[in-house]
A.B. asks: 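Attaching a single structure in structure tokens format; questions to follow.
Just so we're on the same page: letters track the sequence lines, and every chain starts at 1. Both backbone and side-chain heavy atoms feed into the values below; hydrogens, waters and symmetry mates do not.
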There are 2 protein chains.
Amino acid sequence: MAPPLTSSARVRIAVPSVAERVAEELRYQLAEGMLLPGARLTEATIAEDLGVSRNTVREAFAELASERLVVRQPNRGVFVATLEAGDIHDLYTVRRAIEVSSIRGGGSPERIAAVRAAVEEGKRAAAADDNDALGSANQHFHGAIVALAESKRLDTIMRHVLAEMRLYFHKATADAHFYSAWLEENEAICAALEAGELERAGELLTGYLNRSEEQQRAVHGE
Amino acid sequence: MAPPLTSSARVRIAVPSVAERVAEELRYQLAEGMLLPGARLTEATIAEDLGVSRNTVREAFAELASERLVVRQPNRGVFVATLEAGDIHDLYTVRRAIEVSSIRGGGSPERIAAVRAAVEEGKRAAAADDNDALGSANQHFHGAIVALAESKRLDTIMRHVLAEMRLYFHKATADAHFYSAWLEENEAICAALEAGELERAGELLTGYLNRSEEQQRAVHGE
DNA sequence: ATCGTCGGATTGTTCAACGATTCTTCGATC
DNA sequence: GATCGAAGAATCGTTGAACAATCCGACGAT
């Protein structure tokens with residue numbers, strides 16, 4: 001193995017711990033819809049399935065609970081998080097706060113280029129008629145917007161929010177008609193951003209988020 | 001506090017688990033400055049001190065790590081989080097995003113009254129020359145602003161941010177001169193909010209946060 | 001049908017153990 | 001005398017087992 005060439009912060013090779021790999025696996029299953037909201041996660045079962053100890057599963061649960069992907073009910077177990085009344089509005093409130101704030105602050109040319117890249121990624125996915133890739137591209141787009149702010153903390157908040165939305169809205173709302181609308185919106189938002197019209201970009205983004213919230217609330221009960 | 005009259009969510013009597021109480025105790029010690037940034041937290045030691053098992057301490061650590069109050073270094077241990085370059089800016093970026101967004105959305109009369117209450121709390125603390133209470137009042141003020149949005153998620157994000165700031169800036173920056181300035185600012189922000197001048201309230205708040213960031217960066221290295 | 005009780009299942013927590021990794025100390029070598 | 005490396009101590013990561021506390025469902029009595 002090559003020695004570290006930079007003398008700055010020692011680069012940890014950081015093999016993810018077993019607990020983190022378990023969390024990652026569960027996150028994957030949650031995002032893919034293999035574990036549906038409300039499902040019960042029994043410690044012993046998962047421990048056996050993944051070939052790890054119950055304590056390790058416990059640590060993974062703690063991590064997922066802090067991300068609101070699962071809910072712990074004392075002495076009863078952990079359950080995949082379910083959509084409570086107001087949760088949709090809550091999630092979009094967070095998105096409006098951090099996405100709009102990020103875009104209004106502008107960003108470096110590289111970060112703006114990343115936003116543009118996500119837009120093009122979406123167009124390609126649409127051309128290829130790949131709904132899965134289309135969904136990913138949209139998440140990349142909004143992730144790139146938050147990344148404009150260059151804030152570690154906002155990035156992780158956004159990651160968590162997007163993970164929650166994947167959990168709730170995964171395949172159900174994935175019809176092409178639903179998607180094609182915001183493809184143009186993303187383009188417009190990105191164009192405004194590139195033109196330095198930050199105020200306008202913020203308004204477009206706000207409008208998009210409001211409409212998107214309405215759509216989700218229409219699809220789901222109330 | 002009045003019991004919830006709505007029959008909706010079943011109220012868990014929720015005796016906090018041991019792990020949560022350990023986390024709470026550590027959070028307290030971190031906020032009070034008993035555990036300074038960079039300090040090492042040895043699992044075995046804390047387990048013995050608090051009379052709990054090492055595994056339980058581990059769970060508490062996981063929670064604190066998710067709040068960025070401590071940092072886990074694989075195979076080395078957990079350390080009280082330290083201020084890295086850019087962290088101050090990062091924290092204020094989050095605050096600008098969620099506080100300004102919240103205040104621009106306005107809020108119910110009750111929530112606005114809570115903001116007013118925090119302002120008055122600050123004035124009383126200033127009159128009594130109680131610096132500790134003054135600091136708390138300021139945190140209540142900004143917490144109340146975020147509470148305007150009535151978002152569970154924004155509230156917990158803000159809680160975490162404020163906990164981080166307590167950790168980094170606890171007693172050090174607590175001189176009366178530093179405080180008296182923003183007492184008037186809080187009053188002005190609150191007045192604008194009460195008058196429904198949300199745009200203006202947002203600008204005042206932004207200005208305050210920018211200045212506050214500058215001050216903190218001046219006090220701490222760069 | 002309602003209520004209380006009992007047994008089974010699962011969680012919360014503890015404890016002991018062991019390999020793996022890091023830190024420290026202490027010589028040996030140049 | 002400084003550098004390097006190897007032995008040893010300390011700590012973490014993870015496991016497995018154990019036990020009390022709690023919850024759930026069934027069963028039976030009123």
A.B. asks: Is the count of non-hydrogen atoms from other residues, nucleotides or ligands lying under 6.0 Å from A/Glu48 atom CD greater than 12?
C.D. replies: no
A.B. asks: Counting N and O atoms only, with roles assigned by atom type, does the side chain of B/Thr42 sit under 3.5 Å from a partner on the main chain of B/Ala44, one being a donor and the other an acceptor?
C.D. replies: no
A.B. asks: If you measure from the Lys or Arg side-chain nitrogens to the Asp or Glu carboxylate oxygens, is any gap between B/Glu213 and B/Arg217 under 4.0 Å?
C.D. replies: yes
A.B. asks: Can we say A/Glu24 and A/Arg27 salt-bridge, meaning some charged N sits less than 4.0 Å from an Asp/Glu carboxylate O?
C.D. replies: yes
A.B. asks: Can you build the contact string for nucleotides 8-16 of chain C? Use B for base contact, S for sugar-phosphate-only contact, and - for no protein heavy atom under 4.0 Å.
C.D. replies: --SBBBBB-
A.B. asks: For A/Asp130, is there an ion pair with A/Arg124 - N to carboxylate O distance below 4.0 angstrom?
C.D. replies: no
